[in-house]
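Note that the structure is a prediction, hence the values are computed from the model and not measured.
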Amino acid sequence: LRAVQRGLARLDDLVRVSETAAACKAGTHAHLSSGELYSVRDMLYALMLPSGNDAAVALAEHFGAHFEPATTVDVFPSGDFYAGGWCADSLVGRFLGEMNRVASDCGAEHT
């Protein structure tokens with residue numbers, strides 16, 4: 001949503017689901033398949049309504065290039081979603097780093 005607010009993206013932009021995102025079957029997911037295209041708007045619905053972890057990864061991969069690498073960690077743990085965690089300079093790592101920066105700006109600690 002911050003990328004949309006900043007004019008870097010539109011809700012109608014298309015997001016392609018990667019094999020990594022489609023493989024996120026731990027927890028709740030939106031049953032996305034690799035190679036499918038969805039609008040950012042539809043991906044946000046997939047993320048929020050069924051709490052789709054696969055949609056979360058696809059959006060993080062899509063928007064991660066807009067953000068700086070995380071500087072506070074080398075690897076973000078990912079639980080059952082992705083073996084080994086997310087490298088801080090990967091697209092998902094950059095997205096996670098931005099989420100942590102925003103949370104810190106809002107006063108949240110230990111997120």
Side-chain angles (χ1 to χ4, degrees):
L1 289 174
R2 286 179 61 95
V4 172
Q5 288 173 330
R6 293 178 181 170
L8 300 172
R10 297 180 346 236
L11 292 173
D12 294 326
D13 288 350
L14 295 178
V15 176
R16 183 176 303 279
V17 178
S18 70
E19 288 182 21
T20 301
C24 289
K25 301 301 182 197
T28 57
H29 51 92
H31 306 282
L32 304 177
S33 297
S34 178
E36 290 179 328
L37 287 171
Y38 294 95
S39 69
V40 169
R41 176 182 287 105
D42 288 343
M43 291 296 270
L44 289 170
Y45 283 119
L47 169 68
M48 293 185 278
L49 295 180
S51 295
N53 293 321
D54 46 0
V57 171
L59 285 167
E61 290 173 336
H62 183 78
F63 288 110
H66 293 290
F67 306 115
E68 294 296 317
T71 57
T72 57
V73 297
D74 292 326
V75 175
F76 289 95
S78 62
D80 296 331
F81 302 117
Y82 188 69
W86 306 104
C87 172
D89 193 32
S90 68
L91 293 175
V92 174
R94 287 170 175 255
F95 185 85
L96 294 172
E98 179 67 10
M99 286 179 50
N100 284 344
R101 285 187 284 274
V102 170
S104 178
D105 291 348
C106 293
E109 298 179 4
H110 310 294
T111 63

Answer yes or no: is there a donor N or O on one side and an acceptor on the other, between the side chain of [X] and the main chain of [Y], under 3.5 Å?
X: S33; Y: E36; result: no
X: N53; Y: T28; result: yes
X: D54; Y: A30; result: yes
X: D13; Y: R10; result: yes
X: R94; Y: A65; result: no

**From CG (N100) to CG (D105), nearest 0.5 Å** = 11.0 Å
**Request:** Any chance you could measure L8, atom CG, to F63, atom CZ, to the nearest 0.5 Å?
**Result:** 9.0 Å
Atom of [X], atom of [Y] and distance for their closest heavy-atom approach:
X: A22; Y: L32; answer: CB-O, 3.6 Å
X: V15; Y: A58; answer: CG1-O, 3.8 Å
X: E61; Y: L91; answer: O-CD1, 3.3 Å
X: R16; Y: G35; answer: NH1-O, 3.0 Å

Are [Y] and [X] connected into the same hydrophobic cluster when the rule is that any two of I, L, V, M, F, W, Y join if their side-chain heavy atoms are below 4.5 Å apart?
X: L59; Y: L11; result: yes
X: V102; Y: L96; result: no
X: V57; Y: Y45; result: no
X: V4; Y: L44; result: yes

**Request:** Would you mind listing every ring-ring contact (aromatic ring centres under 6.0 Å, His included) that reaches into residues 18-41, with sequence neighbours excluded?
**Result:**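 Every pair satisfying ring-ring contact (aromatic ring centres under 6.0 Å, His included) with a residue in residues 18-41: H29-H31.
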**Asked** CG of L1: more than 12 outside heavy atoms within 6.0 angstrom?
**Response** no
**Message:** Going by the rule side-chain hydrogen bond (donor to acceptor under 3.5 Å, both in side chains), which residues pair with R101 if we only count those two or more places apart in sequence or in a different chain?
**Reply:**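 Result, side-chain hydrogen bond (donor to acceptor under 3.5 Å, both in side chains) vs R101: E98.
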**Item:** Side-chain cluster (under 4.5 Å, hydrophobic types only) that L14 belongs to, other residues
**Value:** L37
